[in-house]
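What follows is one structure encoded as structure tokens, with my remarks underneath.
Below, chains carry the letters A, B, ... as their sequence lines are ordered, and counting in each starts from 1.
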There are 2 protein chains.
Amino acid sequence: MKSEETRTHPDRERGHLDREQVLAAATALVKQHGPQALTMRKLAAELGTAVTSIYWHVGNRESLLDALVERTLADLGAIHPTGRAPDRRIVSVARALRRQLRDHPHLVAMVHERGLTERMFLPAQQVLVHEVHAAGLRGTRAADAVRAVQVHVVGHVLVERNRERAPVQRPGEEELWGAQTAEQDPALARALARPVDPEALFTMSVKALVSGLLHTGIGPGT
Amino acid sequence: MKSEETRTHPDRERGHLDREQVLAAATALVKQHGPQALTMRKLAAELGTAVTSIYWHVGNRESLLDALVERTLADLGAIHPTGRAPDRRIVSVARALRRQLRDHPHLVAMVHERGLTERMFLPAQQVLVHEVHAAGLRGTRAADAVRAVQVHVVGHVLVERNRERAPVQRPGEEELWGAQTAEQDPALARALARPVDPEALFTMSVKALVSGLLHTGIGPGT
DNA sequence: ACCTGAACACCGTTCAAGT
DNA sequence: ACCTGAACACCGTTCAAGT
């Protein structure tokens, strides 16, 4: 058991533990050191209780993480599109969703680890439906476009997060395209050797995707 | 220690253990039950050795997984584009890459868990560079297009894999859009209530992305 | 050069026993 | 209704000791 001083939540007097305190302490642990640092034993130490008390309030580690995910997603807040042209409004929703998810890296990790990636779609789905409809898509084509944007954003965030976690890549694009010319195109080789700017790459690719979804014959539903 | 009969590799006589046998047994375990089932102790049981012998040959669990990832990626085989039009060739590369990764779900999990997602890009990168160049893109624009396609494919596979792992989603699109009308568009609501066809969604979205990358002013590099 | 068991420092979870 | 410690069945890793 930790002493009062070293605990993160010295506000908890030796009265009764409740579910709220467990969730708060768990949230703090995850925020500081990530989901893998949230062990039942550390949590108990943080709370100054026996490990087993936690089980009485939250069942087990699994449902504790469920609760954290649900709470964080509920706190994300609504997304407000900006701009006038339909393209721009959809792109702005994609960027806002990406930013929300990026601002909660541990949430993304927890959701993905627990197979709930689809859950991350929902907060933005209503807004996207509205904007895609306003852009003139209907029925199946509209639904497909919404889902395409959703998967693109969430997939991009997953890849980004992962890239940032990796220290140095083993073969690595840098060495791969370093001196070597690519298709006799030194500018291409140089560009591939440079590190990626994730923000720019995201904006560019989502613009291209939305443009393809709205403006070409091969769009969704075909 | 397991008996000879219950071991997966009874071929290993009680002679010497070597790195190759460790990797083979580890691969078998991962193939059957996924990376989280690969524990040093189970592996030792499978091999009929002491746990600690494994450490002599592969260092630790971390570098064992490194080796597995590297080996599986090396075995993936080259990607051969099909079709004549540049769009179609690039789309065919994307679909082939997706299929390769989907055929090795545990590889994708291992690579992602270990922060090596970028590593999954490389096998297809040279091919994509060639095709994008053939499509007429140059320099930074070409590099951006290559990366946009790569991230789209890998991100899509990550989301797909995750969706399949999830049993039933909690709020779920089905209930969300069940009776409710979306933008007075019953066909849209019905489409959103239907389960996703991942293959169709992928093909459609990658076509839209490639079209946007090649055929519009707002493409990469701007 | 290779293998071994014992030991260490962790996990999540169950359960009977307390108040 | 809530909390407790002991115990179980696991982990990865280190290390001195064997051959």
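When the P atom is used for both D/dA9 and C/dC10, the distance is 22 Å, rounded to whole Å. Nucleotides D/dA17 and C/dC2 are separated by 13 Å at their C1' atoms, to the nearest Å.
Here A/T49 does not reach the OP1 or OP2 of D/dC3: none of its side-chain N or O atoms lies under 4.0 Å away. Close to D/dA1, at under 4.0 Å from its OP1 or OP2, lies no side-chain N or O of A/H57.
When all heavy atoms of B/A26 and B/L43 are compared, the closest pair comes out as N-CD1, 3.6 Å.
A/Q126 and A/H130 share no donor-acceptor pair across their side chains, judged by distance under 3.5 Å alone.
Secondary structure note: stems in DNA chain C built from 3 or more consecutive Watson-Crick or G-U wobble pairs under 3.5 Å occupy C:4-8 with D:12-16, C:12-16 with D:4-8.
Counting only distance, with no hydrogens or angles, the side chain of A/E20 and the backbone of A/L17 share no donor-acceptor pair below 3.5 Å. In this structure, A/T27 contributes its side chain and A/L23 its backbone to a donor-acceptor pair below 3.5 Å.
Distance A/H16 NE2 to D/dT4 P: 11 Å, rounded to the nearest Å. Summarising the geometry, the separation between CD1 on B/I54 and C1' on C/dT4 is reported as 13 Å, rounded to the nearest angstrom. Here C/dT4 presents its P atom at 13 Å from CH2 of B/W56, a figure rounded to the nearest Å.
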*Assign a letter to each nucleotide of nucleotides 9-15 of chain C from its 5' end: B, base within under 4.0 Å of a protein heavy atom; S, sugar-phosphate only; -, no contact.*
--BBBBB
*Walk me through it: do A/R102 and A/E164 pass the test salt bridge (charged side-chain N to carboxylate O under 4.0 Å, His left out)?*
CA-CA 11 Å; A/R102 273 191 60 88; A/E164 280 159 14; 2.9 Å; yes
_Assess the residue pair A/H104 and A/Q100 against the criterion (side chain to side chain donor-acceptor pair (under 3.5 Å)); give the C-alpha distance rounded to whole Å, side-chain angles, the decisive distance to 0.1 Å, and a yes or no._
CA-CA 7 Å; A/H104 298 269; A/Q100 277 189 351; over 6 Å; no
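Look at B/R147 and B/E118 and you find no salt bridge, because none of the NZ, NE, NH1 or NH2 atoms lies under 4.0 Å from a carboxylate O. Between A/R61 and A/E113 there is no salt bridge, since no side-chain nitrogen of the basic residue lies less than 4.0 Å from a carboxylate oxygen of the acidic one.
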